[in-house]
Amino acid sequence: MKNRKYNVLKISRVIVALLVFAPILLFFVDFRDILPDKVHSLLHFQVVPAILSVAVGIMIFLFLLTLFFGRVYCSVICPAGVLQDIFNRIACIGKKKRKGILRFRYHKPLNILRYAILVVSAALAVFGFLELCLLLDPYSNFGRIATNLFRPVAIWINNLLAEALTRFGIYTLYNVSFRISTGALVASVVAFLVFFVMAWWRGRLFCNTLCPVGALLSLVSRFSFFRLKVDENACNKCGVCGRSCKAEAIDSVNGTVDMSRCVGCFNCISHCKQDALRFGVGDCFGLRSRNDGVPKVLDCFVPRNDGASRNDGVGGGDVVNGRRSFIATGAAIAAGMPLLALAKGKDSAEKPLPVTPPGSLSIERFKDLCTGCHLCVVQCPSRVLLPAGLQFGFGYMLKPYMSYIDSYCNFSCTVCSDVCPTRAITQITEEEKKVTQVGIANFYINRCIVKTEETDCGACSEHCPTQAVHMVPYKGTLTIPQVEAELCVGCGGCESICPVRPERAIVIISNPVHKKAEKPKEEEIKKVDVNDFGF
C-alpha cells in the first residue's frame with residue numbers, strides 16, 4: 001500500500017511535466033500560429049531567462065521550489081530535462097528490464113567540473129561574455145533544437161500531406177516555406193546529439209556535469225526540506241534503486257542519496273519492492289543526532305571519519321585536488337579576461353553590424369541579454385528574423401537579426417517584443433514601434449535599374465510605410481528614389497522588394513543604438529464645398 005502511495009509522486013511528476021513540456025514544444029513548432037501567444041508565459045519560468053530579465057518574483061519562486069522539494073525544476077519545468085527523459089525512455093525500448101530501465105549505477109559526483117563551469121559561466125556573463133552560458137543553457141538549447149530540427153520536420157510532413165491531399169482535390173493544408181541558418185542548424189544538431197548520447201549513456205549526466213542551471217540549483221537542493229531517505233531497516237541492499245536512478249545519485253551500498261544531483265523523478269520509489277525509500281521532511285537542517293553524537297546541523301557537509309562528506313561521495317584527496325583545480329581555473333579566467341575583451345573588440349570592429357529587432361534598444365544590450373533560444377524567430381509573422389552564423393562575429397553567433405532577403409518587418413507588429421522571455425527585446429507598443437529606428441536605408445544610385453537600364457521602377461517607394469523613400473525627377477519622365485533618413489525606421493520593405501541582384505540598390509544599415517524617427521507628415525485634407533453638379 002505504501003509503495004502505491006509513493007507511486008503517485010512519479011505519476012504526478014510525469015503528468016505535470018507533460019502538461020508543461022507539450023505547450024512549450026508546440027509553441028516552438030507551431031508554424032500555423034494556432035496556439036495563443038499567452039503560452040510564452042511558461043518560458044518566463046526558465047532559470048536563465050528569469051535571471052537575465054531580473055524577474056525577482058520568478059527567481060524567488062524557483063528558489064523556494066528547490067529549497068522545499070529539491071531539483072523538481074529539472075524534471076518538470078525544464079523542457080531540456082523532459083527531452084532527456086524522453087531519450088532515456090527511447091533507450092529502454094526493446095531492451096530487457098535489467099539492461100533498460102535498471103541500467104544505471106552510482107557514480108561519485110563530478111563536483112569540480114560542474115561547479116567550475118558554473119563559476120566560469122557566471123564570471124564571463126558578468127564581464128559581458130554570455131557565449132558559454134548560451135551554449136550550455138538547457139532552455140536555449142531546447143529552443144534551438146525545436147526551432148531548427150523539430151519545426152522543419154513538422155513543416156516537411158505538412159508539405160507532404162498538403163501535396164498528397166491536393167491530388168484528391170482537398171485543400172485543407174497548404175505548403176509552408178521556411179529558412180534555416182547553417183550555423184543554427186549545426187549548433188542544433190550538436191546540442192541534440194549531446195543530449196541524446198549523454199541521456200542514452202548515463203541518464204542525467206548533462207544536468208549534473210555540464211549544465212550551469214543544474215549546478216546552481218544543486219547548491220540549494222542539497223538543503224531541501226523534502227528529500228529522499230532510505231529506511232535502513234527495510235532496505236535489503238538489492239541495488240534496484242541505484243540502478244533505476246537516472247541521476248546516478250543513490251549509493252545503495254551505504255544507503256545515501258545525493259540530493260544535489262537528485263532531480264526528483266521518483267523512479268527509485270516506484271521500483272523499490274521493499275518499500276525502503278521515502279520522500280519526506282529531511283534532517284539536513286534538523287538537530288537530531290547521528291550515531292556518533294554529533295548534531296545534524298548542516299549534516300550534508302559534516303565530514304565523516306574517512307574524510308569524505310556525507311553525501312557527495314568525494315574523498316578527502318579529491319577535495320584537496322578540487323580546490324587546486326578550482327584555484328587554477330579561476331586564475332586562468334582572470335588571466336584570459338583581457339584577451340577575451342581584446343578579441344571581442346577586434347571581432348566587432350572587423351564584422352558588419354546586424355540589424356536587431358525593434359525593442360532591443362542597442363546591439364550591445366541585445367548581445368548581453370539574448371540567449372539565442374530563437375523563440376522570436378519562430379513567432380515572427382513575416383519571418384524576417386533569422387539566426388546569425390559567424391557573419392557578425394563569434395559574439396553574435398546564434399542570435400537573431402533582421403534579414404531582408406525576401407521579407408521585411410511589419411510596420412505595426414510587436415510579436416517579438418511580446419514573447420521574448422529574457423527581455424532582450426523589451427515590450428513596446430505599436431505607436432512606439434512605428435517610430436523606432438533600427439537602421440536607415442542607404443541608396444546606391446549606381447546599382448539602381450533606373451540609372452543602369454533607364455527604366456521605371458519605384459518598387460522601394462511603393463513599399464515604404466513612412467514615406468522615407470520617395471521618388472524624385474531624374475531624366476525626362478524617369479524618377480529615382482531618394483531617402484529621408486529622419487523618417488526611415490529600417491523596416492526593410494524597400495530592400496526586400498528591390499529587384500537588383502546580387503547587391504541591391506537600397507540597403508538597410510544598422511543603428512548600433514536605436515533612435516527615434518520622425519512621424520511622417522499627414523497630408524492635409526482640404527474641405528471642398530460643392531454647391532452644384534460639376535457639369
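Here Cys272 contributes atom SG and Asn267 contributes atom CG; the two are 12.5 Å apart, rounded to the nearest 0.5 Å. Here the CG atom belonging to Leu67 is positioned 7.5 Å from the OG atom belonging to Ser224, to the nearest 0.5 angstrom. Put simply, OG on Ser403 and CD on Gln391 are 8.5 Å apart, with the number rounded to the nearest 0.5 Å. Expressed to the nearest 0.5 Å, how far CG of Leu65 lies from CD1 of Ile58 amounts to 12.5 Å.
Note on ring orientation: taking the six-membered ring where Trp is involved, the planes of Phe150 and Phe192 are perpendicular (angle over 60°, cut-offs 30° and 60°). Ring geometry for Phe225 against Phe68 counts as perpendicular: the plane angle is over 60°, on a 0 to 90° scale with 30° as the lower cut.
Checking side-chain atoms of Asp30 against main-chain N and O of Ile34 turns up a donor-acceptor pair under 3.5 Å. In terms of modelled atom types and a separation under 3.5 Å, the side chain of Arg71 and the main chain of Ser218 share no donor-acceptor contact. Here the side chain of Arg202 pairs no donor or acceptor atom with the backbone of Ala199 at under 3.5 angstrom.
In this structure, Arg179 places its CZ atom where more than 12 heavy-atom neighbours from other residues, nucleotides or ligands lie under 6.0 Å away. Within 6.0 Å of the CD atom in Glu163, the count of heavy atoms belonging to other residues, nucleotides or ligands does not exceed 12.
Counted by atom type alone, Glu131 and Tyr396 present zero donor-acceptor pairs between their side chains at under 3.5 Å. Checked by atom type, the side-chain pair Asn148/His374 shows a donor-acceptor distance below 3.5 Å.
A salt bridge links Arg13 to Asp85: one of the charged nitrogens lies within less than 4.0 Å of a carboxylate oxygen. Salt bridge status for Asp258 with Arg261: present, with a side-chain N to carboxylate O gap under 4.0 Å. Of the charged side-chain nitrogens involved, none lies within less than 4.0 Å of a carboxylate oxygen, so that Arg105 and Glu248 do not count as a salt-bridged pair.
Side-chain contact check for Leu130 versus Lys367: every heavy-atom pair is 4.5 Å or farther apart. Within the 4.5 Å cutoff, the side chain of Lys229 has no heavy atoms near those of the Val257 side chain. Residues Ile86 and Phe21 form a side-chain contact, since some pair of their non-hydrogen atoms from C-beta on lies under 4.5 Å apart.
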For this session: Output, in order, the C-alpha distance, side-chain angles, deciding distance and verdict of side chain to side chain contact (heavy atoms under 4.5 Å, CB included) for Cys380 and Cys416.
Result: CA-CA 6 Å; Cys380 178; Cys416 61; 5.9 Å; no
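Annotation: Phe266 is in aromatic contact with Phe279 [ring centroid separation under 6.0 Å].
The ring-ring contact (aromatic ring centres under 6.0 Å, His included) test with Phe206 singles out one residue from Phe195, Trp200, Phe196, and that residue is Phe195.
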